[in-house]
Amino acid sequence: MSIGETLAEERQRAGLSVTQVSLQTRIRETVIRGMEADDFSLCGGNFYARGHIRSISRVIGIDPEPLVAEFDAAHGGAPQPVSAVSAFEPEQPVAFRERKAPNWSAAMALALALVVIYGVVQVVGHDGGREQRTAQQVAGTPAPPSPKPSASQSGAPVAEAPRTKVEVRVEAKRTTWLNVMGDQGRTLFIGTLHKGEEKDFSAKKKVKLVIGVGGSVNLTVNGKDIGSPGKGKGVQRLSFDRQDPEHA
């Protein structure tokens with residue numbers, strides 16, 4: 001039997017429905033049905049497909065390793081381990097420039113020149129203001145009134161520009177499954193978000209989220225911290241637009 005046929009048969013033998021397996025593994029029902037039909041395209045890549053096979057196998061009570069090995073054989077083999085030396089070795093040698101000592105003489109000369117220029121400006125400005133006040137006193141004309149502060153200087157509120165897109169930041173409080181969709185159902189992310197990991201998503205009109213475990217993430221929507229939705233509950237389905245957050 002194929003991988004999908006094995007998963008389907010063992011699930012039925014364990015007396016579990018697709019919904020029950022989905023609730024225990026936090027894997028969407030559409031993904032499980034696709035896997036049972038040997039369609040792994042909804043898993044989000046070979047890495048996540050292996051993880052889904054292991055999760056479902058543990059729930060239905062079978063050994064996942066033979067199925068994972070069969071999956072690797074059909075999809076190019078298991079990923080080869082990478083040594084620490086090759087992982088951190090640059091492809092091209094990096095040239096380091098020798099750090100030169102600072103030129104203190106040039107810096108002192110520049111500072112002295114700035115001080116002289118500042119002094120000249122202060123003297124000229126002071127003399128010009130005194131001559132203007134003297135001319136006004138001789139003519140007997142009152143000094144012109146000082147200009148009124150503009151709306152921006154007086155602290156008046158400025159209308160906030162309308163938002164052109166939806167911005168959502170997801171911070172994982174603990175490891176959970178996450179699916180993020182943008183406009184017209186376009187997939188922005190699907191997979192596992194690990195504890196402490198942060199991801200930013202944006203769309204022109206609407207961002208939809210499916211969170212595997214309620215209360216497992218902190219959300220910031222359009223710059224506003226809305227906390228951890230669905231604390232103590234199961235799967236959370238949320239939707240946000242460019243205005244105030246709207247929970248679907």
Side-chain angles (χ1 to χ4, degrees), residues 21-32 34-35 40-56 58-59 64 68 75 78-91 94 160-248:
V21 174
S22 174
L23 291 175
Q24 294 187 50
T25 60
R26 307 299 182 186
I27 301 174
R28 289 184 303 162
E29 295 183 20
T30 54
V31 175
I32 296 174
M35 292 175 64
F40 299 93
S41 60
L42 297 178
C43 294
N46 292 349
F47 174 80
Y48 296 109
R50 295 186 187 94
H52 291 347
I53 291 173
R54 287 189 172 95
S55 298
I56 295 173
R58 294 190 186 100
V59 170
V68 173
H75 294 81
Q80 297 298 321
V82 180
S83 65
V85 175
S86 61
F88 291 97
E89 184 179 5
E91 295 181 358
V94 180
E160 183 179 357
R163 288 188 171 273
T164 59
K165 60 182 181 180
V166 192
E167 296 177 338
V168 178
R169 168 169 290 183
V170 183
E171 178 183 359
K173 296 168 60 180
R174 53 176 170 159
T175 300
T176 184
W177 183 86
L178 178 67
N179 181 19
V180 184
M181 292 175 287
D183 298 329
Q184 298 178 352
R186 183 170 63 93
T187 300
L188 304 180
F189 177 82
I190 179 171
T192 302
L193 198 64
H194 298 281
K195 181 179 179 180
E197 191 175 356
E198 292 185 3
K199 285 189 178 293
D200 294 321
F201 307 98
S202 63
K204 289 185 178 181
K205 296 181 179 180
K206 183 169 292 189
V207 172
K208 297 181 179 180
L209 293 90
V210 180
I211 305 169
V213 181
S216 60
V217 298
N218 278 333
L219 297 181
T220 302
V221 181
N222 297 335
K224 181 178 180 181
D225 185 0
I226 66 171
S228 304
K231 186 175 182 181
K233 299 180 181 179
V235 178
Q236 298 296 301
R237 302 179 186 272
L238 308 172
S239 176
F240 305 102
D241 58 21
R242 288 181 295 185
Q243 306 302 322
D244 291 336
E246 172 191 354
H247 294 266

Salt bridge Lys195-Glu197, side-chain N to carboxylate O under 4.0 Å: no
Pair Val166, Lys204 - check side-chain contact (heavy atoms from CB on, under 4.5 Å), show working. CA-CA 6 Å; Val166 192; Lys204 289 185 178 181; over 6 Å; no
Set of side chain to side chain contact (heavy atoms under 4.5 Å, CB included) partners for Asn218, sequence neighbours left out: Glu171, Lys173, Ser228
According to side chain to side chain donor-acceptor pair (under 3.5 Å), who are the partners of Ser41, at least two apart in sequence or on a separate chain? Asp39
Donor-acceptor pair, distance only, cut-off 3.5 Å: does the side chain of Asp183 make one with the backbone of Ala203? no
Minimal heavy-atom distance between His194 and Thr175, with the atoms involved, is CA-OG1, 3.7 Å
Using side chain to side chain contact (heavy atoms under 4.5 Å, CB included) as the criterion, list what pairs up with Leu188, not counting sequence neighbours. Val180, Arg186, Phe201
If you take all heavy atoms of Asn46 and His75, which pair is closest and at what distance? ND2-O, 3.9 Å
Listed by chain and number, what are the side chain to side chain contact (heavy atoms under 4.5 Å, CB included) partners of Arg28, not counting sequence neighbours? Thr30, Val31, Trp177, Asn179, Ile190
One should read off an interatomic distance between Ile27 CD1 and Ile53 CD1, to the nearest 0.5 angstrom, of 9.5 Å
Listed by chain and number, what are the side chain to side chain contact (heavy atoms under 4.5 Å, CB included) partners of Lys165, not counting sequence neighbours? Glu167, Ser202
Output for pair (Cys43 SG, Arg50 CZ), nearest 0.5 Å, gives 11.0 Å
Does Glu198 have any side chain to side chain donor-acceptor pair (under 3.5 Å) partners at least two apart in sequence or in another chain, and if so, which? none
Can you check whether Met35 reaches Ile56 side chain to side chain, under 4.5 Å on heavy atoms? yes
Stepwise side-chain contact (heavy atoms from CB on, under 4.5 Å) test for Val168 and Thr220: CA-CA 6 Å; Val168 178; Thr220 302; over 6 Å; no
Atom pair NE2/CZ of His52 and Phe47 - distance to nearest 0.5 Å: 10.0 Å
Asp200 meets the side chain to side chain donor-acceptor pair (under 3.5 Å) criterion, sequence neighbours left out, with Arg169
Does Asp241 reach the main-chain N or O of Lys206 with its side chain, forming a donor-acceptor pair under 3.5 Å? no
Salt bridge (charged side-chain N to carboxylate O under 4.0 Å, His left out) filter on Arg54, not counting sequence neighbours, yields Glu65
Might you point out which heavy atoms bring Gly191 and Tyr48 nearest each other, and give the distance in Å? CA-CE2, 3.8 Å
